[in-house]
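Here's the structure we're looking at; comments come further down.
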Amino acid sequence: MKIKDLYDIKKTVISLEIFPPKIDSPVETVFKTLDELKDIKPDFISVTYGAGGKAKDRTIEIASKIKNDYKIESLAHLTCISATKEEIKSNFIEMKAGNIENILAMRGDLPENPDFEFPNPLQYEFAADLIKEVREEESFSIGAACYPEGHVECESKVKDIKYLKNKVEMGAEFLISQLFFDNEIFYRFMESLDLAGIEVPVSAGIMPVLNKNQIIRMIKLAGCSIPPRFQRIIDRYEHNPAALKEAGEAYAIEQIIDLMAFGVRGIHLYTMNKPDTAKRIIGNIENIRRLQD
Ligand code: FAD
């Protein structure tokens, strides 16, 4: 099923994100995670795409298995900054063979290695270039990434929204947001989308924080701000991992309940391959979701 159609039939689309195991670990480890996640019955599961394309085959293999064996809709992430046109075309062929109907089309992070060799000449500069090509295939529902606090590289939020609108005009049919910890920032972002005439559904990205290093990594990578209410939790429990995990999950649940009351079209849970956390969070919001549908 095309994910864009899911937003028409569900009041709140609930999705989970998983990542493929490292290339030197057996792929089966992720299937253990999926065995546990399947009982939650998410509306779709997305599979990340390794930066630089290293875990490419695994993304398609796992997304295909989610769809065909677990009978859950899947979304395959795809990045283009380091890809050639041939590589992207071969991805499309493999995805179609694997029965994959949905692609999250992104540029990808710029490699940290200064000696990284990009295709010469560069074949894709921005996500919009990839989105245009996916649309030409006429086989996939297309999602794109969006950033409630602005993308870390962008000089202004206004420009970021302008580029986001371009992604939608090129063919993005739904958006999934970067994680955030302050719902008010997300609500202001939704207003900006309204003003810009961006009308496609947006899923809010929520990451339950489970340990302090993860928070530090996320602030660096995603540039997201920490509201005082959440900072207090981190400060109080940073040396007590069990308590921090409990509080992190509870904070995510509260965030989601507020987002559902706001009328968000979807919740995308960055589950970090942790089925227990996903189960606890979805278990807590499932009743509200059922009662509102
Ligand atoms: P773009 O939309 O191309 O934007 C990149 C930057 O360029 C932004 O600053 C934008 O404002 C600017 N820009 C866009 N168009 C123009 C233009 N015409 N002129 C000038 N500037 C422009 N990364 C992975 O490697 N693998 C994953 O699986 C993955 N999954 C993700 C899932 C989600 C939900 C999100 C939010 C991010 C994910 N990322 C992933 C990270 C993503 O690849 C990075 O954030 C990346 O740096 C930007 O990708 P993009 O598609 O948003 O880029």
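The figures that follow rest on heavy atoms only: side chains count, while hydrogens, waters and symmetry mates do not.
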Could you check whether [X] pairs with [Y] (Lys NZ or Arg NE/NH1/NH2 to Asp/Glu carboxylate O, under 4.0 Å)?
X: Lys2; Y: Glu173; value: no
X: Glu286; Y: Lys279; value: no
X: Glu249; Y: Lys245; value: yes

Could you work out, with salt bridge (charged side-chain N to carboxylate O under 4.0 Å, His left out) as the rule, every residue matching Lys85, not counting sequence neighbours? Glu133

[X] side-chain N/O to [Y] backbone N/O, donor-acceptor pair under 3.5 Å:
X: Thr79; Y: Gly108; result: no
X: Lys41; Y: Lys38; result: no
X: Glu73; Y: Met1; result: yes
X: Lys167; Y: Ala145; result: yes
X: Tyr49; Y: Leu104; result: no

Side-chain contact test, heavy atoms from C-beta onward, threshold under 4.5 Å: evaluate it for [X] versus [Y] and give yes or no.
X: Leu259; Y: Ile206; answer: yes
X: Tyr70; Y: Leu37; answer: no
X: Ile131; Y: Ile103; answer: no

Value for CG (Asp43) from CG (Leu6), rounded to nearest 0.5 Å, stands at 5.5 Å

Glu136 atom CD: more than 12 heavy-atom contacts under 6.0 Å: yes

Please name the residue in the list Ile62, Leu75, Asn99 that meets the side chain to side chain contact (heavy atoms under 4.5 Å, CB included) test with Lys67. Asn99

Among Ile161, Ile198, Asp160, side chain to side chain contact (heavy atoms under 4.5 Å, CB included) partner for Ser192: Ile161

Classify the ring geometry between Phe262 and Phe186 as parallel (under 30°), tilted (30 to 60°) or perpendicular (over 60°). perpendicular

His77 and Ser46: side-chain donor and acceptor closer than 3.5 Å? yes

Common cluster, Leu193/Tyr147, ILVMFWY with side-chain heavy-atom separation under 4.5 Å: no

When hydrophobic residues are tied together by side-chain contacts of less than 4.5 Å, even through go-betweens, does Val200 share a cluster with Phe126? no

